Amino acid sequence: MDENELVIIGDTSGVSWVVPVKRFKGINEAAPKVYMQGALHADELPGPAVLHFLCGLLRQAEAENRIVGDITIVPQANPVGLAQQLFLQLQGRFDSSTGTNFNRDFPLISLQDRELLLSGEEAKTAIVKLKNRLLNMALAADIVVDLHCDNESLFYAYICEEFWPDAKDFAGALGLHSVFLSDGQSTAFEEAVAYAFRQDESSDGRRRFVTTLELRGQSDVDETLAKADATGLYNFLTGRGIIAGDAPEQSDWSGKATLLDHIEVVRSPVSGTILFNQSLNSTVKAGELLAKIITNPGDENGVYEVVAPQDGTIITRSSNRFVACGDQLYKMTCDAPTTAQRAPGALES
Ligand SMILES: [Zn+2]
């Protein structure tokens, strides 16, 4: 394993950021290349834990000369976000100086323009430089996995429709509960990679693939889970021939892939204290009680009831217990399209 560091010069004098990059050199230059990163949303820490254990597995494979394609791992991709400690709480989703989501506003460019991402850095802000450097590394790869997590959540992944059902081996190797089929219309890291892949016709028939892997909830940082997920990623790479060896026999993935239009993002129309009535993986019927919101504590009529807009399965739940008007309570996968107004692109800001 070779290790180097990206050094990102900060926006004020005396400040710079360091991003460690681990590279495992493949024995076959023509084999597909892999890029994985964790904690772009800096407060989503299952990713660094999984990639920590994956690096251990890859060091072992390297010692046995079994790394076939180049593998680049950035276990902790966002030191800028990681340093945003506000009143003892890590604020890792949005850049505190601009309010921009760390996983939005990635440039949509073609693969041929990859090197342009590194030009004129002196005139760019630290966060733009960081995003461009990360995207530059990813666009050198054929398989890209961006590791995130949700609030409280089952194990799922966003995958652009064009990579499905080709990527069923990924869902099976990881044991995902669900796949959300995205429309490729956002500027998230994953979709910027998908955009560049889509423009390129010279892929030599390689099975390109990019995904945002949602490693359950923010509190699901656990050694047993992280080792199992690292093994899942390792087996996926073995199955794709990027690591030499036998991947375990896989039965057909039995989960469900759902278009984003068929996902209900259940929001509260009122503000108050949340009493959840449903757990993850609950199956609910239209009109069934999902949560009570105590809008006026102590009042006889101080509770608002949120009900299911249609039949579905609860995939995620807010980890907050106070909701402001319009905040998200759950994401549900459903058989019918949502009737809520939804712009193309990401489900949430
Ligand atoms: Zn995230």
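Numbering of ligands and ligand atoms starts at 1, following listing order. Predicted model, so just to flag it, every value in this text is computed and none were measured.
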Side-chain H-bond candidate by donor/acceptor type, His148 with Glu214, under 3.5 Å:
no
Tell me, which pairs form a ring pair (Phe, Tyr, Trp, His ring centres under 6.0 Å) where one or both residues lie in residues 267-305, sequence neighbours left out?
Phe276-Tyr330
Donor-acceptor list for residues 150-161 side chains, cut-off 3.5 Å, not counting sequence neighbours:
unit_1: Asp150; atom_1: OD1; unit_2: Lys331; atom_2: NZ; d: 3.4
unit_1: Asp150; atom_1: OD2; unit_2: Tyr156; atom_2: OH; d: 2.6
unit_1: Asp150; atom_1: OD2; unit_2: Lys331; atom_2: NZ; d: 2.7
unit_1: Asn151; atom_1: OD1; unit_2: Ser319; atom_2: N; d: 3.1
unit_1: Asn151; atom_1: OD1; unit_2: Ser319; atom_2: OG; d: 3.3
unit_1: Glu152; atom_1: OE1; unit_2: Arg317; atom_2: NE; d: 2.8
unit_1: Glu152; atom_1: OE1; unit_2: Arg317; atom_2: NH2; d: 3.1
unit_1: Glu152; atom_1: OE2; unit_2: Arg321; atom_2: NH2; d: 2.9

Is the Phe209-Phe170 ring centre distance short of 6.0 angstrom?
yes
If we count only N and O atoms by modelled type, under 3.5 Å, do the side chains of Glu264 and Thr338 hold a donor and an acceptor together?
yes
Everything protein-side that's N, O or S and under 2.8 Å from the Zn ion (ligand 1): list it, residue and atom.
His41 ND1, Glu44 OE1, Glu44 OE2, His148 ND1
Please table the atom pairs, donor to acceptor, closer than 3.5 Å between any side-chain atom in residues 247-254 and protein atoms at least two apart or in another chain.
unit_1: Gln250; atom_1: NE2; unit_2: Asp169; atom_2: O; d: 3.4
unit_1: Trp253; atom_1: NE1; unit_2: Leu176; atom_2: O; d: 2.8

